[in-house]
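The block underneath contains the structure these notes are about, expressed in structure tokens.
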2 protein chains.
Amino acid sequence: MQPNVYEANCPSRQLLDRIGDTWSVLVVVTLAEGIHRYTELAKRIEGVSPKMLTQTLRGLERDGLITRTVHPVVPPRVDYALTELGHSLYALVEGLEKWAETHIEDVQAARAAYDATVQAYSAK
Amino acid sequence: MQPNVYEANCPSRQLLDRIGDTWSVLVVVTLAEGIHRYTELAKRIEGVSPKMLTQTLRGLERDGLITRTVHPVVPPRVDYALTELGHSLYALVEGLEKWAETHIEDVQAARAAYDATVQAYSAK
DNA sequence: CCGTATCCTACGGGATACTG
DNA sequence: CAGTATCCCGTAGGATACGG
């Protein structure tokens with residue numbers, strides 16, 4: 001018997017929520033390259049608002065996927081880094097990238113075929 | 001160099017959108033068990049509205065992940081099944097489930113620790 | 001520099017009623 | 001049975017201004 005993915009609070013679903021969150025994934029990918037400061041992340045991840053960046057970072061920190069280190073200096077300096085758990089999650093994301101690269105052409109071909117068919121029907 | 005996940009239209013991002021879509025994942029998981037009719041899916045996937053179910057099915061069909069077979073009988077009968085591509089995607093989802101099961105305890109422990117800390121601060 | 005606080009809008013998606 | 005069509009609402013999240 002499978003884990004019950006039909007229930008919203010099962011582990012798989014919680015993971016899916018994370019993976020499905022674009023900003024979370026982007027942060028993880030960026031931090032996989034190494035430690036980054038808040039502003040570096042903001043600059044690197046184009047289009048993210050301070051609100052969403054903070055929210056995302058807090059969520060990842062809460063889940064034990066990243067660490068947040070405050071250096072008590074002026075001006076303030078805050079470093080974010082992937083934990084071991086975070087790295088293992090990143091491995092998953094790499095797996096997704098691999099799949100996407102391998103199969104994206106099939107998907108695009110399918111879309112083209114599908115759209116052509118639909119258009120054929122609506123055109124007649 | 002990594003694929004540029006920072007661009008919204010890169011393959012990885014398109015896959016992420018699918019994986020992040022709860023209904024799509026549930027449909028794929030359900031169809032992994034075998035062919036299902038529309039109503040069967042609706043019943044199996046609790047809480048899904050006809051609108052979302054149809055929308056999800058169309059999207060998956062367009063991407064070549066499932067097939068839709070209409071039997072010209074009365075009353076109508078429509079079968080949905082996973083394609084080969086769909087099965088390979090399901091393999092990915094199984095990988096996610098595996099990760100979730102393996103690491104969920106770490107995540108929950110991290111959350112508990114984080115919440116305890118936050119509460120300690122706001123309580124003082 | 002590293003965030004919070006506030007406002008505001010678009011739109012995802014639920015509920016429902018209806019049709020071929 | 002297998003969907004469409006319509007209405008409607010909550011809320012995710014963008015923009016912005018400000019604070020420690």
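Residue numbering restarts at 1 for every chain, and letters A, B, ... go by the order of the sequence lines.
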[X] [atom1] - [N] [atom2] separation (whole Å):
| X | N | atom1 | atom2 | answer |
| --- | --- | --- | --- | --- |
| A:Arg37 | C:dC1 | CZ | P | 7 Å |
| B:Leu41 | D:dG3 | CG | C1' | 13 Å |
| B:Tyr38 | C:dG20 | OH | P | 17 Å |
| A:Arg77 | C:dG3 | CZ | P | 12 Å |
| B:His36 | D:dC1 | NE2 | P | 16 Å |
| B:Glu61 | D:dA2 | CD | C1' | 14 Å |

- prompt: What nucleotide, of D:dA2, C:dG3, D:dT4, holds the atom closest to the side chain of A:Val78?
  reply: C:dG3
- line: Side-chain atoms of B:Pro75 come closest, of D:dC1, D:dT4, C:dG3, to D:dC1
I'd like a table of donor-acceptor pairs (distance under 3.5 Å, sequence neighbours excluded) in which one partner is a side-chain atom from residues 75-84 of chain A, with atom names and distances.
unit_1	atom_1	unit_2	atom_2	d
A:Asp79	OD2	A:His71	NE2	2.9
A:Tyr80	OH	A:Arg68	NE	3.2
A:Thr83	OG1	A:Gly64	O	2.7
A:Thr83	OG1	A:Leu65	O	3.1
A:Thr83	OG1	A:Leu85	N	3.3
A:Thr83	OG1	A:Gly86	N	3.0

task: Report the distance from atom CZ of A:Arg62 to atom CG of A:Leu57, rounding to the nearest 0.5 Å.
output: 15.0 Å
Pairwise distance OG1(B:Thr22) to CD1(B:Ile45) - rounded to 0.5 angstrom: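 CD1 of B:Ile45 is found 11.0 Å from OG1 of B:Thr22.
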Nucleotides 8-20 of chain D: protein proximity per nucleotide (B base, S sugar-phosphate only, - neither; heavy atom, under 4.0 Å): -----BBBB---B
Carboxylate-amine/guanidinium proximity below 4.0 Å for B:Arg44 and B:Glu33: yes
task: Using a cut-off of strictly less than 4.0 Å, decide whether A:Arg58 has a side-chain nitrogen or oxygen near OP1 or OP2 of C:dG3.
output: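 So the side chain of A:Arg58 is within the cut-off, an N or O lying under 4.0 Å from OP1 or OP2 of C:dG3.
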query: Would one find a side-chain N or O of B:Tyr80 under 4.0 angstrom from OP1 or OP2 of D:dG3?
result: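 Answer yes for this pair, as a side-chain N or O of B:Tyr80 is under 4.0 Å from OP1 or OP2.
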Closest non-hydrogen atom pair, A:Trp99 against B:Ser88: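 For A:Trp99 versus B:Ser88, the nearest heavy atoms are NE1-OG, 3.0 Å.
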- request: Looking only at non-hydrogen atoms, find the nearest pair between B:Arg111 and A:Asp63 and report the distance.
  value: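 In this case the closest contact between B:Arg111 and A:Asp63 is NE-OD1, 2.6 Å.
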